[in-house]
Participant: 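What follows is a single structure, and I will ask about it in a moment.
We number each residue from 1, following the sequence as shown. All heavy atoms count here, side chains included; hydrogens, waters and symmetry mates do not. Since this is a predicted model, take the numbers as computed values, not measurements.
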Amino acid sequence: MVAAATTSLPERAGEDRNYDYRYVWIRDLCIAGQAVAADEAHPLLDDAVRFATARLLDDGPGLAPVYTAEGRDVPGQHRLELPGYPGGHDLVGNRGGEQFQLDAFGEALLLLAAAARHDRLDDDGRRAAETAAQAIDRRWREPDSGMWELSPRHWAHSRLICAAGLRAMARAGPSTARTARWTELADALIADTAAHSLHPSGRWQRSPGDPGLDGALLMPLVRGALPADDPRNAATLRAYTRRLTDDHFAYRFRHDGRPLNEAEGAFLLCGFAVALAQHRQGHEVEAYRWFERNRAACGPAGLYSEEYDVGLRQMRGNLPQAFVHALMLECAVRLNRPWGA
């Protein structure tokens, strides 16, 4: 499953924000697998587990964030000297393959745990889970590029989503010495993140040196890094919706002093993440408001891009963007029933 079927469709005309998304991001693949697992064990779950398992067993702690559809290394960015889409330019390849993204190990564990709950995890999958847990134990103190592929830091989201994955995998089978180690490691990740990335107001902040808010911090809330009633969850969701959303559209983070919609488009993944977070907090009316607002941000074919220009009512960037469709489908399933049912 590639992240999108297109390349070089600009997010903003003339701003050199063109990307090639015709590759398999481990994170996106795992989000899609978890989305279908929220319903039942569809074949896409097995496909996602098979690809993630193979990459973990082959590359271990050196897992790349992104691969070709055949599981090979992604080429670096280069131009083809073609005209490109109006307002942009041609681009092939992606720099993401050169990065370390710690959260990919956490997402992989969440995927494997979802498969285990459906009794779809074989021996290779269990070995892949052990490999992912060992990689987290070995590398969680390193700076990484995070969910948005930024400059390396100790991103709070990366550590919290790894804690969520470790907890999910520990709950997915019988209690053993190994699952106890995973729970202890999850506790250590949360304690360290709380010591260095907890804002004085009681919410999570982006990193030890950045007190800002970030849509990525909603995902550990959704995935169960902490109990639903943990006050840090409520504080983070409340602050995020107050400062980084507008008219039930959500933005990743504040780039600078410009209005949110001038820096980039609304991020539909974040809008659906808010819907799931509201649902997990028990705010059902708000969850439906968020779901319906973001569900409408598609084209005539019902396909979603990564960003949505709220002012012009236009999609931005490559499409169809897989992880947006995945969270939209997960919302459609989860909002139909009490959380955890």
Participant: Backbone N or O of Ser207 within a donor-acceptor pair of the Gln205 side chain at under 3.5 Å?
Facilitator: yes

Participant: Could you walk me through whether Asn261 and Tyr251 satisfy the side-chain contact (heavy atoms from CB on, under 4.5 Å) test, starting with their C-alpha distance in whole Å, then the side-chain angles of each, then the deciding distance to 0.1 Å, before giving a yes or no?
Facilitator: CA-CA 8 Å; Asn261 65 344; Tyr251 296 82; 3.3 Å; yes

Participant: Run the side-chain contact (heavy atoms from CB on, under 4.5 Å) check on Leu213 and Arg203 step by step: do they pass?
Facilitator: CA-CA 9 Å; Leu213 290 154; Arg203 61 166 174 82; 3.3 Å; yes

Participant: Residues in ring-ring contact (aromatic ring centres under 6.0 Å, His included) with His154, at least two apart?
Facilitator: none

Participant: After noting the C-alpha distance and the side-chain angles of Asp187 and Arg167, does the key distance pass the salt bridge (charged side-chain N to carboxylate O under 4.0 Å, His left out) rule?
Facilitator: CA-CA 9 Å; Asp187 291 343; Arg167 291 198 191 287; 2.8 Å; yes

Participant: I'd like to know if the side chain of Arg313 and the backbone of Val310 have a donor-acceptor N/O pair within less than 3.5 Å.
Facilitator: yes

Participant: Under the 6.0 Å and 45° cation-pi test, does Arg55 pair with Phe51?
Facilitator: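 Checked: cation-pi criterion met.
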
Participant: Should the heavy atoms of other residues, nucleotides or ligands under 6.0 Å from CG of Asp123 be counted, would the total exceed 12?
Facilitator: no

Participant: Partners of Arg159 by side-chain hydrogen bond (donor to acceptor under 3.5 Å, both in side chains), sequence neighbours excluded?
Facilitator: Asp144

Participant: Which salt bridge (Lys or Arg N to Asp or Glu O under 4.0 Å) pairs, counting each pair once, include a residue from residues 214-227, with sequence neighbours left out?
Facilitator: Arg206-Asp214, Arg223-Glu330

Participant: List the residues meeting side-chain hydrogen bond (donor to acceptor under 3.5 Å, both in side chains) with Glu11, not counting sequence neighbours, and say none if there are none.
Facilitator: Arg17

Participant: Could you tell me whether Glu98 and Arg95 have a side-chain N and a carboxylate O separated by less than 4.0 Å?
Facilitator: no

Participant: Just jot down the side-chain contact (heavy atoms from CB on, under 4.5 Å) partners of Glu70, sequence neighbours excluded, or say none.
Facilitator: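 If we apply the side-chain contact (heavy atoms from CB on, under 4.5 Å) test to Glu70, skipping adjacent residues, the hits are Thr68, Arg72.
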
Participant: Please check if the distance between the ring centroids of Phe323 and His325 is under 6.0 Å.
Facilitator: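 No: the rings miss the under 6.0 Å criterion.
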
Participant: Checking one residue: Leu226. Which other hydrophobic residues are in its cluster under the side-chain 4.5 Å linking rule?
Facilitator: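 Once heavy-atom contacts under 4.5 Å are chained together, Leu226 belongs with Leu160, Ile190, Leu198, Trp204, Leu217.
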
Participant: Taking all non-hydrogen atoms of both residues, which atom of Leu45 and which atom of Ala115 are closest, and how far apart?
Facilitator: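 Scanning both residues, the minimum pair turns out to be CD2-CA, 4.2 Å.
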
Participant: With Ala135, which residues qualify under side-chain contact (heavy atoms from CB on, under 4.5 Å), at least two apart?
Facilitator: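 Ala135 satisfies side-chain contact (heavy atoms from CB on, under 4.5 Å) with Pro61, Phe105 once adjacent residues are dropped.
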
Participant: Under 4.5 Å between side-chain heavy atoms, hopping through other hydrophobics if needed: is there a path connecting Leu63 to Leu29?
Facilitator: yes

Participant: Show your reasoning for whether side-chain hydrogen bond (donor to acceptor under 3.5 Å, both in side chains) applies to Gln321 and Glu307.
Facilitator: CA-CA 9 Å; Gln321 193 77 18; Glu307 298 179 24; over 6 Å; no

Participant: Apply side-chain contact (heavy atoms from CB on, under 4.5 Å) to Asp39 and list each qualifying residue two or more places apart in sequence or on a separate chain.
Facilitator: His42, Val333

Participant: Quick one: CG on Asp20 to CD on Gln77, what's the gap to the nearest 0.5 Å?
Facilitator: 8.5 Å

Participant: Going hydrophobic residue to hydrophobic residue with side-chain gaps under 4.5 angstrom, can you get from Met328 over to Val2?
Facilitator: no

Participant: State whether Arg316 and Glu306 are salt-bridged, where the test is any N-O pair (Lys NZ or Arg NE/NH1/NH2 against Asp/Glu carboxylate O) under 4.0 Å.
Facilitator: no

Participant: Okay, side chain of Asp122, backbone of Gly125: is any donor-acceptor separation there less than 3.5 Å?
Facilitator: yes

Participant: Does Glu292 pair with Arg295 as a salt bridge, N-O distance under 4.0 Å?
Facilitator: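 Salt bridge present between Glu292 and Arg295.
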
Participant: Taking only residues two or more places apart in sequence, or in another chain, which ones meet Asn18 in a side-chain hydrogen bond (donor to acceptor under 3.5 Å, both in side chains)?
Facilitator: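 With neighbours one apart ignored, the set is empty.
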
Participant: Taking His196 for its side chain and Ala194 for its backbone only, find out whether a donor-acceptor pair lies under 3.5 Å.
Facilitator: no

Participant: Is the backbone of Gly202 close enough, under 3.5 Å, to the side chain of Arg232 for a donor and an acceptor to pair up by distance?
Facilitator: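 Side chain of Arg232 to backbone of Gly202, a donor-acceptor pair under 3.5 Å: no, none is there.
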
Participant: In the single-linkage hydrophobic clustering (I, L, V, M, F, W, Y; side-chain heavy atoms under 4.5 Å), do Leu276 and Val36 co-cluster?
Facilitator: no

Participant: Say whether, by atom type as modelled, one donor and one acceptor occur between the side chain of Asp59 and the main chain of Gly62 under 3.5 angstrom.
Facilitator: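 Looks like no, no N/O pair under 3.5 Å.
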
Participant: Any sub-3.5 Å donor-acceptor pair from Thr179's side-chain atoms to Thr176's backbone N or O?
Facilitator: yes

Participant: Start with the C-alpha distance between Tyr308 and Asn294, add both sets of side-chain angles, then the distance that settles side-chain contact (heavy atoms from CB on, under 4.5 Å), and finish with yes or no.
Facilitator: CA-CA 9 Å; Tyr308 185 71; Asn294 287 270; over 6 Å; no

Participant: Take Arg12 and Glu264, measure what salt bridge (charged side-chain N to carboxylate O under 4.0 Å, His left out) needs, and give me the verdict at the end.
Facilitator: CA-CA 8 Å; Arg12 281 288 191 276; Glu264 69 176 1; over 6 Å; no

Participant: Are the side chain of Tyr288 and the backbone of His279 linked by a donor-acceptor contact shorter than 3.5 Å?
Facilitator: no

Participant: Once rounded to the nearest 0.5 Å, what's the spacing between atom CG of Asp103 and atom OG of Ser158?
Facilitator: 4.5 Å

Participant: Backbone N or O of Met219 within a donor-acceptor pair of the His157 side chain at under 3.5 Å?
Facilitator: no

Participant: Please walk me through it: do Cys162 and Leu189 pass side-chain contact (heavy atoms from CB on, under 4.5 Å)?
Facilitator: CA-CA 8 Å; Cys162 284; Leu189 285 163; 4.0 Å; yes

Participant: Are more than 12 heavy atoms from other residues, nucleotides or ligands located less than 6.0 Å from atom OH of Tyr85?
Facilitator: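 Incorrect, the count does not exceed 12.
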
Participant: If you link ILVMFWY side chains whenever their heavy atoms are less than 4.5 Å apart, which other residues fall into the same cluster as Leu82? By chain and number, please.
Facilitator: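 Its cluster mates, by chain and number, are Tyr19, Tyr21, Tyr23, Trp25, Val66, Val74, Leu80, Val92.
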
Participant: Out of curiosity, does Leu329 fall in the hydrophobic cluster containing Val274 (side-chain heavy atoms, cut-off under 4.5 Å, transitive links)?
Facilitator: yes

Participant: What do you reckon, is CZ of Arg138 surrounded by more than 12 foreign heavy atoms closer than 6.0 Å?
Facilitator: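 Incorrect, the count does not exceed 12.
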
Participant: Verify the distance criterion only: is there a donor paired with an acceptor across the side chains of Gln278 and Glu284 at less than 3.5 Å?
Facilitator: no

Participant: According to side-chain contact (heavy atoms from CB on, under 4.5 Å), who are the partners of Ala332, at least two apart in sequence or on a separate chain?
Facilitator: Phe291

Participant: Write down the atom of Val324, the atom of Leu269, and the distance for their closest heavy-atom approach.
Facilitator: CG2-N, 4.0 Å

Participant: Identify, with sequence neighbours excluded, every residue that meets ring-ring contact (aromatic ring centres under 6.0 Å, His included) alongside Phe267.
Facilitator: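 Testing Phe267 for ring-ring contact (aromatic ring centres under 6.0 Å, His included), a comparison that skips the adjacent residues, returns Trp148.
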
Participant: Do you reckon Leu327 sits in the same ILVMFWY cluster as Trp290, going by side-chain contacts under 4.5 Å, direct or chained?
Facilitator: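 Same cluster: Leu327 reaches Trp290 through Ile, Leu, Val, Met, Phe, Trp or Tyr contacts under 4.5 Å.
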
Participant: So, does Ser145 use its side chain to make a donor-acceptor pair with the main chain of Leu150 at under 3.5 Å?
Facilitator: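 Confirmed, Ser145 side chain pairs with Leu150 backbone.
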
Participant: Is a salt bridge present between Arg178 and Glu130, judged by a nitrogen-to-oxygen distance below 4.0 Å?
Facilitator: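 Here Arg178 pairs with Glu130 in a salt bridge, since their nearest N and O are under 4.0 Å apart.
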
